[in-house]
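Report on the following structure.
Values below: every heavy atom of this structure, side chains too, minus hydrogens, waters and symmetry copies. We number each residue from 1, following the sequence as shown.
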Amino acid sequence: CLQIDPDNAAAFGVQANVHIAGGRIAEAIELGETGYARSRSGELLGMLAYQLRQACDWNRWHAVWTEMARLLDEQASLGS
């Protein structure tokens, strides 16, 4: 298991992508939530929104999408 620097959003993103590649979407979502809560990274928020949509977790997706909508005027980098 990789140790994640709690202040490094990229480390959370890489670890989440490892989980995604392994088909472990729930773990990727958990890392995305934790990483965003700690770093407030728009890129992690975008990744999280996409993974929640893929998982059809509409309640959690809606909360993330609401946060993304708020940030659209403030921050261009929201992942892909």
Side-chain angles (χ1 to χ4, degrees):
C1 178
L2 296 175
Q3 293 296 319
I4 297 176
D5 175 353
D7 298 322
N8 189 333
F12 280 98
V14 168
Q15 185 70 19
N17 278 321
V18 168
H19 285 301
I20 291 165
R24 297 178 304 277
I25 303 302
E27 290 88 344
I29 289 170
E30 184 178 330
L31 276 169
E33 289 174 331
T34 301
Y36 180 69
R38 294 186 74 111
S39 70
R40 308 311 282 179
S41 164
E43 285 131 0
L44 283 177
L45 187 64
M47 177 187 282
L48 178 58
Y50 180 77
Q51 292 308 318
L52 289 168
R53 188 182 68 147
Q54 294 297 99
C56 299
D57 189 336
W58 302 118
N59 290 331
R60 287 165 64 194
W61 172 86
H62 187 275
V64 168
W65 180 253
T66 300
E67 177 69 5
M68 282 182 66
R70 186 184 70 75
L71 292 174
L72 283 172
D73 289 335
E74 302 170 16
Q75 181 174 338
S77 182
L78 291 173
S80 58

(message) With rounding to the nearest 0.5 angstrom, report the CG to CH2 distance, Leu45 to Trp65.
(response) 9.5 Å

(request) Using a 4.5 Å cut-off on heavy atoms from C-beta on, say whether the side chain of Arg60 contacts that of Ile29. (result) yes

(message) Please enumerate all residues that pass salt bridge (charged side-chain N to carboxylate O under 4.0 Å, His left out) together with Arg24, with sequence neighbours excluded.
(response) none

(message) Taking CD in Glu30 as the centre, count heavy atoms belonging to other residues, nucleotides or ligands within less than 6.0 Å. Is the count above 12?
(response) no

(message) Which heavy atom of Tyr36 sits nearest to which heavy atom of Leu44, and what is that distance?
(response) N-CD1, 3.8 Å

(request) Measure up the Trp61 and Trp58 rings against each other and bin them: parallel (under 30°), tilted (30 to 60°), perpendicular (over 60°). (result) perpendicular

(request) State, with a plain yes or no, whether a side-chain heavy atom of Met47 is found less than 4.5 Å away from one of Asn17. (result) yes

(message) Do Leu31 and His19 have side chains that approach each other closer than 4.5 Å (heavy atoms only, starting at C-beta)?
(response) yes

(message) How close do Ala28 and Ala16 get, counting heavy atoms only, and between which atoms?
(response) CB-O, 3.5 Å

(request) List the atom of Ala49, the atom of Met68, and the distance in Å for their closest heavy-atom pair. (result) CB-SD, 3.4 Å

